[in-house]
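Notes for the one structure printed next.
All values reported here derive from a predicted model rather than from experimental measurement. Chain letters run A, B, ... following the sequence lines, proteins first and then strands; every chain starts at 1.
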Protein chains: 2
Amino acid sequence: MNQSELDKITNVDQPLTYYEKEDQVLLAVDCIIFGFDQNKLKLLLVKRNIEPEFGKWSLIGGFMKKNENLDTTAARVLYTLTGLSDIYMEQLYTYSKVDRDPGQRAISVSYFALIDVANHQFDGIQLDSAKWFDLDEAPKLIFDHQDMVDKAIARLRRRALSKPIGFELLPEKFTMRQLQTLYESILDKKLDKRNFINKINSLDVLIKLEEKDKTVSRKGAYLYNFDKDKYEKKVKEDGFSFKL
Amino acid sequence: MNQSELDKITNVDQPLTYYEKEDQVLLAVDCIIFGFDQNKLKLLLVKRNIEPEFGKWSLIGGFMKKNENLDTTAARVLYTLTGLSDIYMEQLYTYSKVDRDPGQRAISVSYFALIDVANHQFDGIQLDSAKWFDLDEAPKLIFDHQDMVDKAIARLRRRALSKPIGFELLPEKFTMRQLQTLYESILDKKLDKRNFINKINSLDVLIKLEEKDKTVSRKGAYLYNFDKDKYEKKVKEDGFSFKL
DNA sequence: CCAAAAGTGTTGGATTTACACCCATGC
DNA sequence: GCATGGGTGTAAATCCAACACTTTTGG
């Protein structure tokens, strides 16, 4: 009697009607969580609290349950660790090397998440073991998590140039300088201030507020909102596409 | 006793050392196979020979085995159906809606493949049930396969503009006109002949052969090769990037 | 009054687009 | 000799990159 046949006999809540002879595997989700704080792009990592590799730094992750889809799993994993919901997440890539997890054969689907660090209260449910790292100061990660991070950074770069996802990393109100610094950290290169502002303004999706942020300069810098409705209207009606 | 505990007891060849309480699922691969023939972009579909949805048109697919990774599965699935190996394939996206496959809970990872239809001998092992369709004449597909195709087309478009993957769809030797028609079908828009040729030539990755293709015009059109070595050398040494 | 960040336009170069005629050949 | 597709260059428009000075205000 093989595994699948046993499955069939013993698993009463989900009879294997059609694909009886096929192997089943564990499916995990690992989240690459980006944040922007102190003018730096950060990565949220945790100290692993299970074997194998107990105590090593790792992406946050968890296994998909039968009644979930992957997006749901990713949201749950993020919520369980940080207490945050309604966070921008995007599926990235599925990692399947046979020996990628020495604990047991497990396939992992990576997701990236963008968090506005400053303005989210971390209920910090499990945050004792979690820590934000500068991208270039992150510790060595377990398994293939570094590959996941590298791919996530590449994707973040591409996305940030072609979709207005950068705003997910900023507070509601932000200055031009903050926005520029954000893009500079994502793209890992200096940008010209005037060209940047001209480009952003030409996209015409920001609302300039009356209010100024005076915490960083004496003169004060105008605050802006991203006008999501206007952006979506432009996309729908004029085929507009955000290109930085 | 639950499923995982049973698994643990009964599955002797792979003891579940660490993640004992977690659900396992079927993992499938579905392949979106593009070909280019008669100056049209085509999609290879099969009539499904298993339940559920027996007899309906479907992407080719198969389940991952425990000793495989997903790339291997994709290659095997493609080989089993077409007899082809060494085909360009790329992982796309993982589909996980709980009820996506009415037969049984199954997660599916989509891959796209690019085949030079003209020059590959299809040993046609199972090709009685398979058929090339024009993209706009493809039949209704089972499950979420149409979503997979749509995403694959979008990805193919982006890739074709930023990587020299178009050549995977052409014979070794091709005319400028063929190359242009290929891009026109991928991008689904007409391109200007002179601008296209100027652009391609400026990339400087083609070898112009002495030989002409005289099958389509009296004058005959020069044949070209894609110079893969030169391309890779440029990428490595000059940070060159293929942008059409 | 001065230090520190905010704000603001122009120009030259590069890239992209639009566009039309002659060529070679087989029939 | 003519019909068919092959091959070729230029000019205008647009986009992109480089660049420096004035403003504001808290201390």
Rounded to the Å, how far apart are A:Tyr224 OH and C:dA6 P? 11 Å

How long is the line joining CD of A:Gln178 and P of C:dA5, in whole Å? 14 Å

Please determine if A:Lys40 forms a cation-pi arrangement with A:Phe36, meaning its NZ or CZ atom is less than 6.0 Å from the six-membered ring centre and no more than 45° off the ring axis. no

With the side chain counted from C-beta on, respond yes when A:Val109 and B:Ile107 share a heavy-atom pair under 4.5 Å apart, and no when they do not. no

When you measure from the side chain of B:Asp134 to the backbone N and O of B:Glu137, does any donor-acceptor pair fall under 3.5 Å? no

Taking five pairs at each end of the helix from C:dC1-D:dG27 to C:dC27-D:dG1, what angle separates the two helix axes (nearest 10°)? 10°

Does A:Lys233 make a cation-pi contact with A:Tyr231, if we ask for NZ or CZ under 6.0 Å from the ring centre and within 45° of the axis? no

Given atom CZ of B:Phe196 and atom P of D:dG6, what is their separation to the nearest angstrom? 13 Å

Mind listing the N/O atom pairs, protein and nucleotides 23-27 of chain D, below 3.5 Å?
residue : atom : partner  : partner atom : Å
D:dT23  : O2   : A:Lys219 : NZ           : 2.9
D:dG26  : OP1  : A:Lys214 : NZ           : 3.4

Residues in salt bridge (Lys or Arg N to Asp or Glu O under 4.0 Å) contact with A:Lys243, at least two apart in sequence or another chain: none

I'd like to know whether the aromatic ring centres of B:Phe174 and B:Phe167 sit less than 6.0 Å apart in this structure. yes

Interatomic distance, B:Asp213 CG vs D:dG6 C1' [rounded to whole Å]: 11 Å

Validation row, ring centre A:Phe240 to ring centre A:Phe242 under 6.0 Å: no

What is the distance from CZ of A:Arg177 to C1' of C:dG7, rounded to the nearest Å? 11 Å

Pair listing, salt bridge (charged side-chain N to carboxylate O under 4.0 Å, His left out) test, anchored in residues 195-208 of chain A, at least two apart: A:Asp204-A:Lys230, A:Asp204-A:Lys234

For A:Val216 and A:Ile197, take the nucleotide of DNA chain C holding the closest heavy atom to each; which residue's nucleotide lies nearer the 5' end? A:Val216

Expected output: side-chain B:His145 to main-chain B:Ser58 donor-acceptor under 3.5 Å: no

Under the salt bridge (charged side-chain N to carboxylate O under 4.0 Å, His left out) definition, can you give me all pairs with a residue in residues 167-184 of chain A, not counting sequence neighbours? A:Lys173-A:Glu211, A:Glu184-A:Lys190

Please report, rounded to the nearest Å, how far the P atom of C:dG7 is from the CG atom of A:Leu209. 12 Å

Assign a letter to each nucleotide of nucleotides 11-20 of chain C from its 5' end: B, base within under 4.0 Å of a protein heavy atom; S, sugar-phosphate only; -, no contact. -----SBBBB

To the nearest angstrom, the CD1-C1' distance between A:Ile200 and C:dG7 comes to 16 Å

Atom-to-atom span, CG of A:Leu191 to C1' of D:dC19 - whole angstrom: 15 Å

Is the shortest distance from a Lys or Arg side-chain nitrogen in B:Lys42 or B:Asp37 to a carboxylate oxygen in the other one below 4.0 Å? no

